[in-house]
Amino acid sequence: MSYHFNKIEEKWQKYWAKNQTFKASNTSSKEKFYVLDMFPYPSGAGLHVGHPLGYIASDIYARYKRHKGFNVLHPQGYDSFGLPAEQYAIQTGQHPAVTTEENIKRYREQLDQIGFSFDWSREVRTSDPEYYKWTQWIFLQLFDSWYDNIKDKARPISELVEIFSAEGNRKINAACDEDTNIFSAEEWNDLSSEEKQEQLLKYRLTYLAETEVNWVPELGTVLANDEIVNGVSERGGYPVVRKKMTQWSMRISAYAERLRADLDKIDWSESLKESQRNWIGKSVGAMVEFPILTFPEGEGTLKPKYMTGGNNSKLLLEKAIANRANPTEAEKILWEELKSKSLGHKFRQQHLIDDFIVDFVCLSKKLVIEVDGGYHDNQQEKDFLRTQRLEESGFRVIRFSNEEVVNKTQKVLEKIKKELETVIVPPSGARGISVFTTRPDTIFGVTFMALAPEHELVSQITTPEQKAEVEAYVQASAKRSERERMADVKSITGVFTGAYAEHPFTKEPVPIWIGDYVLAGYGTGAVMAVPCGDQRDYDFAKHFDIPIKNIFQDVDISEEAFTGKDDAVITDSDFLTGLHYKEALPRSIEELEKIGQGKGKTNYRLRDAVFSRQRYWGEPFPIYYKNGQPHPIPEECLPLRLPEVEKYLPTEEGEPPLGRAEKWHWDEENKKVVSIKEGVKPPSGVWGIELNTMPGWAGSSWYFFRYMDVENQERFVSEEAQKYWENVDLYIGGSEHATGHLLYSRFWTKFLYDRGFVTVEEPFKKLINQGMILGQSAFVYRLEGENTFISKNLIGDKSVQPIHADVSLVNFSDELDIEEFKKWRPEFKDAVFVLDNNEVYSSDTPSFGGGRGEANSSPSGRPGGAFVVGREVEKMSKSKYNVVNPDEICKQYGADTLRMYEMFLGPLEQAKPWNTAGITGVHSFLKKLWKLYHTGPEGSFYVNDSPPSEGLGEALKSLHKTIKKVTEDIENFSFNTSVSTFMICVNELTAQKCNSKEILEPLAILIAPYAPHIAEELWEKLGHAESISTATYPVYDEKYLVESKKQYPVSFNGKMRFTMELPLDLSASQIEEAVMGDERTQKQLEGRTPKKVIIVPGKIVNIVG
RNA sequence: GCUCGAGUGGCGGAAUUGGUAGACGCGCCGGAUUCAAAAUCCGGUAUUUUCGGAUGUGCGGGUUCGAUUCCCGCCUCGAGUACCA
């Protein structure tokens, strides 16, 4: 009986489905193990042989773990929201749900054919309302949370509200918008509920913000940074432009440090961790504040002065002077104290800042002290406004009442003193330029400042003389797309603003330039340029003839900047002179803090993630807008189902496709979606629902939790189920998700952990990236300008045009089936083909041709030569006609062969080319395996049931060697080598004519994870009623491998010359005696006496002569 | 540019607490079987050679009795990232 793989595979696939063999239980006394694949997006193209590679590896591991007694969760599902289905819908009007359903069906058929041990009862689809209900729910939890930097975790927004109403936000250290103001409890409590919402939105972990986004006009949507590749969209390759839009964002930046630090806790490949680290981009340095100097017209002298706004400054100044002469009692007392410098800082009284006269100010510390009952208006809201404006200008404001000052003077002074000690670097405001630098130690090398063209200060500081030039430059660089800017890294452009900043230490003026080498999106969008220590600054300075100051000791910078740190000694830098980088760095920060113009700071490259997409086929946001403010749709109303639309394009007004949905308003009172006809004003209490949808990564950022408890109606996953399955033990998938899915999933998991919804901080304990399987494209060569094709070996130095030929038209010997090729490309039906023996084949040649790429095709039986194609390894893709379909392979060789061959190709993590020709080796191995169990008459099944271990020495050795190696291989994910091991084992057992059940039964289990169908069939024939997946994995026993002899390699000066069989129990000296006594040794030595003989018993003998 | 990874027969690849380089498979060559082919089975297959041997894991050095494996310096290829201050 021969090996009918098709019949066997169909039989067992049905059996597994019917018996739910791989259904995992959430209540088991067994230890759990969770093996997960990255779920596929069901595209219309179906699977090619590259797709299942990771699935096969994880399936082998899952099956192995079941044999090892684990309760294994091995689910599969579909990431079924996405752009291609929507694009197809736009073109055809076909509802994305329909095409998605069709594609899923096809995927499922293809997956089923390969014999995976998935628990399909737990299937998830991200586009299923029962699933995205919980995606929306998680969104609402994010909306309902803020990030506390002190406790370093996300907390409910209600706790923030409590703090605000008790003590304002002064003491809060939270991840929030940059334009968040400081307010007191009174100020907070006086806000209207809408104003409160506005403030809270600045703290929520998902928030609305006007952001500069990557807009793709062709797709009519925005994309996240990780969806942009080389300045064009990852899908479709469309150009990307920058555009300001109000979008939902995820405050992932709050988690930057934890996402970075916790990489140390997980077992991922170093390269993947590295790309996440790079993406997060931590840099440690300092913020430095450079005050802006202006040069009042007509004045030649250098006179630093804070800019003042408004035309009434002269009037105000007079008023201030008048005020000074008429202090209140409290002011008088306080001024006496402040004037004396007992606090160590200089204060001014009745000082003009912008349009305000403040009571007292310490300019160097940027601290304003206000005393109630002064000459300014005393209304509370005006105070609030004043505070706000002053804070915008970088000042801190503290207030005291008259009574406090008069009666508790010491307490007031203490408070002022404390306030002076705290260092606050003001945000980049009208007063100065904040820069971030990793090298504050080089601050004395600053010779200019550079701002990004988009920097908000540009228009404010530019002098009239420079205005035209600056504006032209800003406009020109705004026009340049991201791609152009990237492509054009080399050319140096910039323009001088005419303005100067003041060096924090030397107090010298530093010219302020604009240059597009400074990125608006990183740091503060401004840099302190140190040409001697930074190559870009150096190039810029050289190009514009800006002086370069060298502050490095004994370093030549005439050719390029000195960017080294380790051997940098600072010179010519005041208090830093003579210090090494390591000492200079902390010292410089210390000094900056002392003068209140700098502060140590860690910066991250990771930006908040834009979460809105102007698409139809995605999760709707559970948000409606009431008076312009976003409000959550109540949890109990979820899911908020995607409405029907007529067209999937944006509306004429440029609104997302959901703008076309008639039924897309929220009735607040009745808590339901209601229909409002276009152009009709909604009645009161009915509000518009968010028109954007969520991005593709929303649903995939938490699906691994849903598998644990897929039917749960009450929660996204029950506490018990999550506690039992914890997180994914083994995750296998492509490395292309390094900075997208894998980062977002970690972010959401940490968030869910913070809020107590799950018990784990990381989603994936171990992660393996499978390498890409590449295609072997086939090329035919057409003579330039002629309709003649020539066989590859005739090319020589002829000029030819290579044309892709479909790989299915080529046989294993790289010969093309010419007739089929002509059918496939009718435009070549009259072409002439010159074969490798120079014979000419044209349409009137009697019928012949190469094979059809089938294993049993024959190149003979036809006249003359063959037409040979060229081969090249390329990415497998439809457009290159090099796609190999797994269905075909399954049909022709079987799923077990496909599974083993994919593993046999090479190391899992490595990219490797697919070559169908090689599959015969694995296929004939399975045939040999089958034969091993079918040694009865006419190939019938036969195993010998004789008493254990009788005369099985060699067979037991083969078996246990295999157990040992294969077990190690699976644990190390070295699946390719275990296939070799099986081949060796079967070859040995065949040679031994082994047909003992004692050997063949465990062998079937060993092979079951790799080739489950044939293993099940053999298992059944061996007399078992239950699936082989319930069988216990064989245990390796050392005793069968104990050897008594060893073929010792005998080396001379490290080169192996011959081997010698010696008993293993010999001592080193006995071995030496035996080796020296051998005539081959004497021959090698040619009479010399060896200087030294190295003996490693059980390993080698090396004779040094 | 930076970061990570990799260079071994005609091809995919194997071997690293340093110890017989090229396992296993493909391909190729020869043989058996066959009218013939497919399938199957057996043998061979790194290079070179004066048949003793010599050489050989990208290149050049080093450590060692011994290096594909460890160290230093290069070269090439692949992946990721990119004016990150």
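What you see is a predicted model, and the numbers here were worked out from it, not measured in a lab. Letters A, B, ... mirror the listed sequences (proteins, then strands); counts begin at 1.
In this structure, A/Arg536 reaches the B/C84 phosphate: one of its side-chain N or O atoms is under 4.0 Å from OP1 or OP2. When the side-chain nitrogen and oxygen atoms of A/Arg871 are compared with OP1 and OP2 of B/G27, none of them lie within a distance under 4.0 Å. Considering only side-chain N and O atoms, A/Ser269 lies nowhere under 4.0 angstrom from the phosphate OP1 or OP2 of B/G5. Between B/A14 and A/Asn976, a contact under 4.0 Å exists linking OP1 or OP2 to a side-chain N or O.
Base orientation for B/G18: anti, the chi torsion being more than 90° from 0. The glycosidic torsion of B/G12 lies more than 90° away from 0, placing the base in the anti range.
Among the protein residues, A/Lys1091 comes within range of no part of the nucleic acid, since none of its heavy atoms lies under 4.0 Å from any strand. Residue contacts shown for A/Gln1047 include a base, since a base heavy atom lies under 4.0 Å away. Counting any heavy atom pair closer than 4.0 Å across all strands shown, A/Ile1094 reaches a base atom. At the heavy-atom level, A/Glu274 lies under 4.0 Å from the strands shown only through sugar-phosphate atoms. Looking at heavy-atom distances under 4.0 Å, A/Lys928 makes contact with sugar-phosphate atoms alone, never a base.
The aromatic rings of A/His741 and A/His737 sit perpendicular to each other, their planes meeting at more than 60°, with 30° as the lower class boundary. Between A/Trp513 and A/Phe540, the two ring planes are perpendicular [angle over 60°; tilted spans 30° to 60°]. Using cut-offs of 30° and 60° on the angle between ring planes, the pair A/Phe982 and A/Tyr1010 is perpendicular. The aromatic rings of A/Trp914 and A/Tyr901 sit perpendicular, their planes meeting at an angle over 60°, well past the 30° parallel limit.
Of the candidates B/G12, B/U20, B/A85, B/G12 carries the atom nearest the A/Pro913 side chain, counting heavy atoms from C-beta on. For A/Met1056, taking side-chain heavy atoms from C-beta onward, the closest of the listed nucleotides B/G27, B/A21, B/C65 is B/A21. Closest approach to the A/Phe904 side chain among B/G19, B/C65, B/C24 is made by B/C24 (side chain taken as heavy atoms from C-beta onward). Distance from the side chain of A/Ser980 is smallest for B/A23 among the nucleotides B/A14, B/A23, B/A85. Considering only side-chain atoms of A/Leu519, the nucleotide from B/A39, B/U20, B/A85 that sits closest is B/A85. The listed nucleotides are B/C24, B/G27, B/G12; the one nearest the side chain of A/Lys912 is B/G12. Distance from the side chain of A/Asn987 is smallest to B/C24 among B/A85, B/A39, B/C24. The side chain of A/Ile1100 has B/G19 as its nearest neighbour among B/C24, B/G19, B/C84. The side chain of A/Arg605 lies closest to B/C84, out of B/A85, B/C84, B/G56. Side-chain atoms of A/Asn278 lie closest to B/U3 of the nucleotides B/A85, B/U3, B/G12.
Across the protein-nucleic acid pair, A/Phe982 atom CZ and B/G25 atom C1' stand 15 Å apart, rounded to whole Å. One can place NE2 of A/His923 at 11 Å from P of B/A39, the figure rounded to the nearest angstrom. Taking atom CG of residue A/Leu898 and atom P of nucleotide B/G25, one finds them 20 Å apart after rounding to whole Å. Going from atom NZ of A/Lys1099 over to atom P of B/C65 covers 19 Å, rounded to whole Å. A straight line from OH of A/Tyr3 to P of B/A39 spans 17 Å, rounded to a whole angstrom. When rounded to the nearest whole Å, the span between CD of A/Gln910 and P of B/G13 equals 5 Å. Put simply, NE2 on A/His934 is 17 Å from P on B/U40, counting in whole angstrom units. One atom, CD1 of A/Ile773, and another, P of B/G12, lie 15 Å apart when rounded to the nearest Å.
For the C1' atoms, the distance linking B/U64 with B/G44 amounts to 37 Å, nearest Å. Going from the P atom of B/A39 to that of B/G27 covers 9 Å, rounded to whole Å. Across B/G25 and B/U45, the matching P atoms stand 14 Å from one another, rounded to whole Å. Taking the P atom of each, B/A67 and B/A54 are spaced 16 Å apart, rounded to whole Å. Taking atom P on both B/G12 and B/G31, the two are 29 Å apart, rounded to the nearest angstrom. With C1' as the reference atom, B/C29 and B/A46 are 16 Å apart, rounded to whole Å. B/C11 and B/G5: their P atoms are spaced 26 Å apart (whole Å). With P as the reference atom, B/U69 and B/G60 are 13 Å apart, rounded to whole Å.
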Please evaluate residues A/Trp930 and A/Phe5 with respect to the criterion ring pair (Phe, Tyr, Trp, His ring centres under 6.0 Å), reporting the C-alpha separation (whole Å), side-chain torsions for both, the decisive distance (0.1 Å), and the verdict. CA-CA 10 Å; A/Trp930 180 262; A/Phe5 50 87; over 10 Å; no
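A 3.5 Å limit on both hydrogen-bonding distances identifies B/C75 as the Watson-Crick or G-U partner of B/G7. Using Watson-Crick or G-U wobble geometry with both donor-acceptor distances under 3.5 Å, B/A46 finds its partner in B/U55. Here B/U81 sits opposite B/G1 as a Watson-Crick or G-U wobble pair (both hydrogen-bonding atom distances under 3.5 Å). When both pairing distances are held under 3.5 Å, B/U40 makes a Watson-Crick or G-U pair with B/A32. Nucleotide B/G19 is matched to B/C65 when pairs are restricted to Watson-Crick or G-U wobble geometry with both distances under 3.5 angstrom.
Look at A/Lys282 and A/Glu257 and you find a salt bridge, because one of the NZ, NE, NH1 or NH2 atoms lies within 4.0 Å of a carboxylate O, short of that distance. Salt-bridge check for A/Lys542 with A/Glu560: failed, with every basic side-chain N at 4.0 Å or more from each acidic carboxylate O. The pair A/Lys957-A/Glu988 does not meet the salt-bridge criterion, since no charged nitrogen lies less than 4.0 angstrom from a carboxylate oxygen.
Around CD of A/Glu971, the count of heavy atoms belonging to other residues, nucleotides or ligands within 6.0 Å exceeds 12.
Heavy-atom nearest nucleotides on RNA chain B were determined for A/Thr1059 and for A/Asn1102, and the one closer to the 5' end corresponds to A/Thr1059. Nucleotides of RNA chain B nearest to A/Ser271 and A/Asp534 differ in position, and the one nearer the 5' end is that of A/Ser271.
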